[in-house]
Every structure is written in structure tokens, then in C-alpha cells.
Number of protein chains: 2
Amino acid sequence: MKLSDLQTPCLILDKTRLARNCSRMSARAAELGVALRPHMKTGKSAEIAKLATAGQPGGVTVSTLAEAEYLFEHGFPDILYAVCIPPSKLDRAAALTAKGADLKILIDSLEAAEAIAAHPGRHSVMIEVDCGEHRTGVDHDKALLLEIALILADAERATLAGVMTHAGHSYRGRTPDDMRAVAATERDSAVAAAEALRAEGLACPIVSVGSTPTALYADHLEGVTEMRPGVYTLGDLFQAGIGSHGIEDIASSVVASVISHNRGRGTLMLDAGGIALSKDRSTEALGESGDMGFGLLADLETGTPLDGLTIRGTHQEHGEVAVGDPALYDKLPIGAKVRVLPNHVCMTVAAYEGYEVFAEGSDEIVAHWKRRNGW
Amino acid sequence: MKLSDLQTPCLILDKTRLARNCSRMSARAAELGVALRPHMKTGKSAEIAKLATAGQPGGVTVSTLAEAEYLFEHGFPDILYAVCIPPSKLDRAAALTAKGADLKILIDSLEAAEAIAAHPGRHSVMIEVDCGEHRTGVDHDKALLLEIALILADAERATLAGVMTHAGHSYRGRTPDDMRAVAATERDSAVAAAEALRAEGLACPIVSVGSTPTALYADHLEGVTEMRPGVYTLGDLFQAGIGSHGIEDIASSVVASVISHNRGRGTLMLDAGGIALSKDRSTEALGESGDMGFGLLADLETGTPLDGLTIRGTHQEHGEVAVGDPALYDKLPIGAKVRVLPNHVCMTVAAYEGYEVFAEGSDEIVAHWKRRNGW
């Protein structure tokens, strides 16, 4: 099977680029003197986890319990489930721990701490610290952090494993200086939280930070033990837009076919729409020159962008491309296949049950790697 | 299993509301004197197809060949694949026809007509007509329509089955008068295209129109043989916003848990984010009063909206809710479960492999209905 034989829309993965992205981040973690606990929310594949943890202690980060269960079954026992857990999921978490997983769950409230203390299962627990994104997490300098930690310290079957924070607001940075500043706040918040716990005599072995931009731009990570970037594995147009990597590092994309021409209106239509690409519009935040609509068209064989063509609108199964130069209709006849590079790869790949895998420079599909979607 | 036992996020379906929505549209088709060929791009489930085709000739519409193959296997042989087909999919379409399906494929170009004429398989073909949405389709009054039809008429193994059009721009209408005008154009374009073919001595048995708003608002459908609405089956906030149905008719929603409170910032977080809800923002087009963010919170048991609370932002696995009244934190403690009504249901349900089914007024899960996602 070749790239050009794939039924469209279809998700493809360049394993050469993936391996290069993984090596680069591993080297970066070594340079910073921290462990890399790659976030599998992007790839959701055991094969990708193997490449991302090569040369690392082997721990992974997940965004769902389904990912945790799947990765445990595939030989990854050290798992951080990095979304605050509600009490109704404790049974399932404890079942995984009972099977032998070193699962760390996350909380940011007294209510969750009390539910864990009252739960019959064993739990290793991290406390989430907010370093400025204002998504979830407690402030490192407020009493709540210690109150949560003390409930866990008193609990018979719970262990305080550490603190973690996520500088998701690094995605709002536009210059290396912006990123460095966010990375410094991320590091300082996590380290200060760990120190606050240690000052009360509590152990805080793990100090975990991470996002792809802050991993790349941090001046140093003194006091931090691990970082958890994820999107770097596959890469996307938004990360390329903010300088995390180049367009040529984007490892995963959607193959689509031209299904309609309208020369009168200056458009053509692909068979990849809102489901195949997702409705994510991350690159809109990059301004007119950086806005890639719902994805950037690229050559099927080489992955090189095609004349700046982007998907400017989607229907459920249609992606509309504005065609400036009429010569492009001959270059992209009905039935022609292209790659569409994703705006935000985590959202785009979520629509597929797996990846068709090939090596850079080859058009041969050499493997199918399954994803673990759902919850 | 009860609604409150479901792991979150999870997709639920009220089968009472679904059946009511289906009966209503069936009655509407009878009133208009046309067949109802429900679009299964929304439900993608054989169980939903059974309810939607009850009392109807039994034909269905699909948006992918995967849906076509799945529905054929589940006893629905009469299928219209309502997305223009590229030549690379003709083998798969012909294989389904060879198995006994009455599959109708769709084209809007000479290139696709020529590919069909040259293909070794048998094909029943519809020509798409553009009635003003400007997505795909030929103009009913231009020569291209007849040129395509004549290639098919000359082809040995192809049959011209009819014409179809889709007034997707009915979604831009805001008043009954807007909808009636779009419905009239949709009907007139399709009928005019059929008449143009018949004037040349070509048979055009099927004249197909359809969108949920135009199905509901059309004055009459004289000359039309069938309509293809789809989103009415499950309903959503956008359709409720433009008056296609009430909020209380929305049959499918996402169950989510409260995972974090931040009283200082006036927010709470659910475990349903961009993947669980989709990044669709259809209701943004309805203006400030109609904008439901990424979904509207509703009571888990009754489905009644909760104090106008909406998801105002998403991360991959987090949905952020702005909490005006601090008393709501007690009403929605950590671990509380709610329904989130979808902005655009076709996009939201696409993230799930199936529906947990219950009856209105009961909290008992009585079935799991699978969806056929993918391509």
C-alpha cells in the first residue's frame, strides 16, 4: 500500500519525523537535567509512547483513564493522569493501581482530597498548582495547598507523590522572551509549592512542569524533576507558528481528495471537513499572516506546502479551499490527493482510530498504529 | 446502570425525544407529499435509522462510504451517498452495488462523470445542483448540468438516478420568512434541474432536497420526490436557536463531572473539553443572547437547562464554566454530574463510539447503540 492508495480522508504519520521530534525533546530534557514524561494525550499510541520514552525513565503522562489503562497494558506502568479526578473515577484508578500500575492521580480541592482519604483503594496523589493559566490548580502561596497535602498525609491509603503545574498560557506567547518568562513562572510556581510542602515536613518527590513551548524555552529547570510536553511528538501549524518547531517537523497529517472544482467562484472542495480536520482554529490567534484556516495543503509525497493553500471553511465532510491562480485547478484535478497539515494536531488526530505509518522520503505504508480514543 | 453511574464524559441519548423528533419529521414529509430519506450523518446508527425511516420507503442518506456499508449490512439497501465522489472511491461504491445495495453516488463535474463512464463497475448516479449555498453542485441553468447527464446517459454501466441539492445556507436564516425563501429556492433549483434534463429526453426519477430548516419551513415541495434532513433526529442548540425545534427536543447530550472549583476566579471546570464537546461554535452566529459557548449545562436527570450556565472555553479535556452566583458551587460540588447540550450535535457525537440510551423521565440506561464513525 502506498500513500496514493489510501482511502480519504485518512490519518498518516511520518515515523522519521516523529523519531526526530522525540530525540530532540529527549536531548532537551537531558540538557535541562530533568526526566521527560511525555504527554500521550496527543499520540495516544503505545508505539509513539515507545519512541517518546526512549532513553528516558519510562514514565508517561495521560489525559484520560482509558489512555492510562491502555498504556499500562502495553508496558508503561509509571503513569501520571494529569487531569483533576472526580470521586466517581477513584474506583477505576484504584483498580489500575491494584493491578500493579504506579498511577499518580491529580487533585486541586479539599473535597477531592477527602474523597481519596475515605476511598478504600490505594492512591498516589499529585496536587495541581496554577502557574498563571487559570485552568485548574491551587496557588502555590495560599493555605489551600498545604490543607490538601495534610489531608493526604493523614490518609491511611494515600501517598503524596508531588506537585505539578502546566503553563498552558505559553501558547499565548509570541516571542522567545515571552516563552522564557512563562517558563520561569511555571518552574518557580512548582518549585515554590514543593518547598512549601517540604517546609512542613512533607515529602514531595515529584516536581513536574510542562508544555512544549516552555520545555523548549526554559532557561533552567532547577528544582524540577520532570517535564511533560506532548504536542512536540507530532507537531502542528500552531506550534510551527509560535516557533516550537518548523513546518517540516509536522509528522502527522490528513490525506484528502479533491472532489469538486468551482472555477466561477474560485474554490475547490476536499473530502476532509469538520470531522476529519476538527473545527479547531488555533492559528486564528496568530494574526492574518499566521492564520492557516482549518489546515494547510501540502504535497502528498513530500509534505511540502502547496502554494500557501489553506482550508478556509468546513462542512461536516467538505473542506473548502480558495484558489487564487486558475492554473491550480490543473495541478489539483478532481481526484488529486493532498496532505492537510493540522492546526492543532491533538484535536485533528482524535477523529481517527489509528495512523497509517510511513518513513520520510518513502511513499510505502509500513504499519498501522492504533490510537486509544475515548474515556 | 443509571445516568448517575456513567463514567464521564459520556454520550447519552433520550430515545423518547428521538422517536418524537422522527415522528414529527415523518408527519411533515407526509404533509408535503414527499418521501423522507433521513440523513444518517448525524446519528450514524442502525437503531436511529430504524426510527427515522419508520413509515417511510426506507431510503437513507449517508455522508461516508463507511456509513453506507454499515447501513447496508443492517438492512438498509436504498442509500444516497450525498458527498461528491472522487474516482478513487468508485471501486468501493461498485462493490457495495454488486452486493445488492441500491447505492446512489453523487457528482458535479465532467471529470467524475467520465471516470464513472470508464469504470468497470455499475453505478447509479445523482447530479448535485447548487441552490445558493455554494458548497458543491452545478447551476441548474448552465450547460454543465446537461453535459454531465449526457456522459452518464451514454455510459454503458451507469444510470442517471436524479438530481439533488442541499440548502445548507438555510442555517444562515433567522426568521420563518428567511427559511421559506431559502426552501423555495432549494425546491425551484432542484425541480428546474430535473425539468432541464427531462426536456432533453433524459429520465430523472429522483428530485431530492433537504436540510432540517427547509424541511420544516417549505411552503410546498411540488415536483420534489424526497427530502433529506438529518440533524432534527437528535437536535442541538443551534437548531433550537433558529427555531427548528425546542431546547426540550434535544435528544443527545454529554454527561460531564465537575472536577475543579475556583471561587476566586468565579469559574468551575468540567471533565468535558474540546474532544468531548467538539470545538464547534455554531451558536456564535446567533449573537450574544443566542451564543451558547461550547454547550449549555443542564440537569442530569431532567435535561432542564441549569441557570443559563454555558461552557465558555475548552482545553482538550477541560470545559470552563463561568459561575456568576457563588451559591452554584454548592449546587454543583466537585463530582456533581450534569448534561451538556451540544452546539452542533453532528460534530459532538462524532467523538463517541456509541450512545447510552434511556427513556425520557427515567434514569435507567436501557441500551448501548453503536455509531459507525470514520470513513
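Naming: A, B, ... by sequence-line order, numbering from 1 per chain.
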- Residues B:Val231 and B:Tyr171: closest non-hydrogen pair is CG1-OH, 3.7 Å
- For A:Ala336, is it the side chain, the backbone, both or neither that has a heavy atom under 4.5 Å from a heavy atom of chain B? neither
- So what's closer than 4.5 Å to chain B heavy atoms on A:Val258: side chain, backbone, both or neither? backbone
- Run the salt-bridge test on A:Asp330 and A:Arg263 with the 4.0 Å N-O cut-off and return the result as yes or no. yes
- Item | Residue part contacting chain B, namely of A:Arg265, when any heavy atom lies under 4.5 Å | side chain
- Query: Taking every heavy-atom pair that is under 4.5 Å apart, which of B:Ser278, B:Gly168, B:Ser260 has the most such pairs with chain A?
  - Reply: B:Ser260
- Task: Measure the CG-CG distance between B:Asp108 and B:Leu144 for me, rounded to the nearest 0.5 Å.
- Result: 7.5 Å
- Shortest non-hydrogen contact from A:Val340 to A:Ala256? CG2-CB, 4.3 Å
- Item | chain B-proximal positions within residues 1-9 of chain A [heavy-atom distance under 4.5 Å] | A:Gln7, A:Thr8, A:Pro9
- With a 4.5 Å heavy-atom cut-off (strictly below), which parts of residues 109-117 of chain A touch chain B? List them by number. A:Ser109, A:Glu111
- Give, for atom OG1 of A:Thr61 and atom NE2 of A:His166, the distance between the pair rounded to the nearest 0.5 Å. 11.0 Å
- Of all heavy-atom pairs between A:Ala82 and A:Met164, which one has the smallest distance, and what is that distance? CB-SD, 3.8 Å
- So which of B:Leu65, B:Thr314, B:Val83 has the biggest tally of heavy-atom pairs under 4.5 Å with chain A? B:Val83
- Nearest heavy-atom pair of B:Lys142 and B:Asp139: which atoms, and what distance? NZ-OD2, 3.0 Å
- Query: Which of the residues B:Gln316, B:Met269, B:His261 is involved in the greatest number of heavy-atom pairs with chain A at under 4.5 angstrom?
  - Reply: B:Gln316
- Between CG on residue A:Asp91 and CG on residue A:Leu96, distance to nearest 0.5 Å: 12.5 Å
- Query: Any idea which of A:Gly313, A:Gly374, A:Gly274 has the most non-hydrogen atom pairs under 4.5 angstrom with chain B?
  - Reply: A:Gly274
- Item | Between B:Phe238 and B:His344, ring centroids under 6.0 Å | no
- Electrostatic pair B:Arg92-B:Glu69, nearest N-O below 4.0 angstrom: yes
- Query: With a 4.5 angstrom heavy-atom cut-off, which part of A:Ser257 approaches chain B: side chain, backbone, both or neither?
  - Reply: side chain
- With only heavy atoms counted, which part of A:Glu320 is less than 4.5 Å from chain B, the side chain, the backbone, both or neither? side chain
- Heavy-atom distances under 4.5 Å only: say whether B:His134 touches chain A with side chain, backbone, both or neither. both
- Query: In terms of heavy-atom pairs under 4.5 Å, which option from B:Ala350, B:Ser88, B:Gly335 contacts chain A the most?
  - Reply: B:Ser88
- Message: Is it the case that the side chains of B:Asn343 and B:Thr283 hold a donor-acceptor pair, with the cut-off being a distance below 3.5 Å and no angle test?
- Response: yes
- Message: Do A:Thr42 and A:Thr233 pair up side chain to side chain, a donor and an acceptor below 3.5 Å, judged on atom types alone?
- Response: no
- Using a strict 4.0 Å threshold on nitrogen-to-oxygen distance, state whether A:Lys337 and A:Asp271 make a salt bridge. no
- Determine the sole option in B:Arg371, B:Lys44, B:Lys41 for which the salt bridge (Lys or Arg N to Asp or Glu O under 4.0 Å) test with B:Glu67 is passed. B:Lys44
- Task: Answer yes or no for A:Arg281 and A:Phe294: cation-pi contact, defined as NZ/CZ to six-membered ring centre under 6.0 Å and angle to ring axis within 45°.
- Result: yes
- Task: Counting only heavy atoms closer than 4.5 Å, note whether A:Asn373 contacts chain B via side chain, backbone, both or neither.
- Result: neither
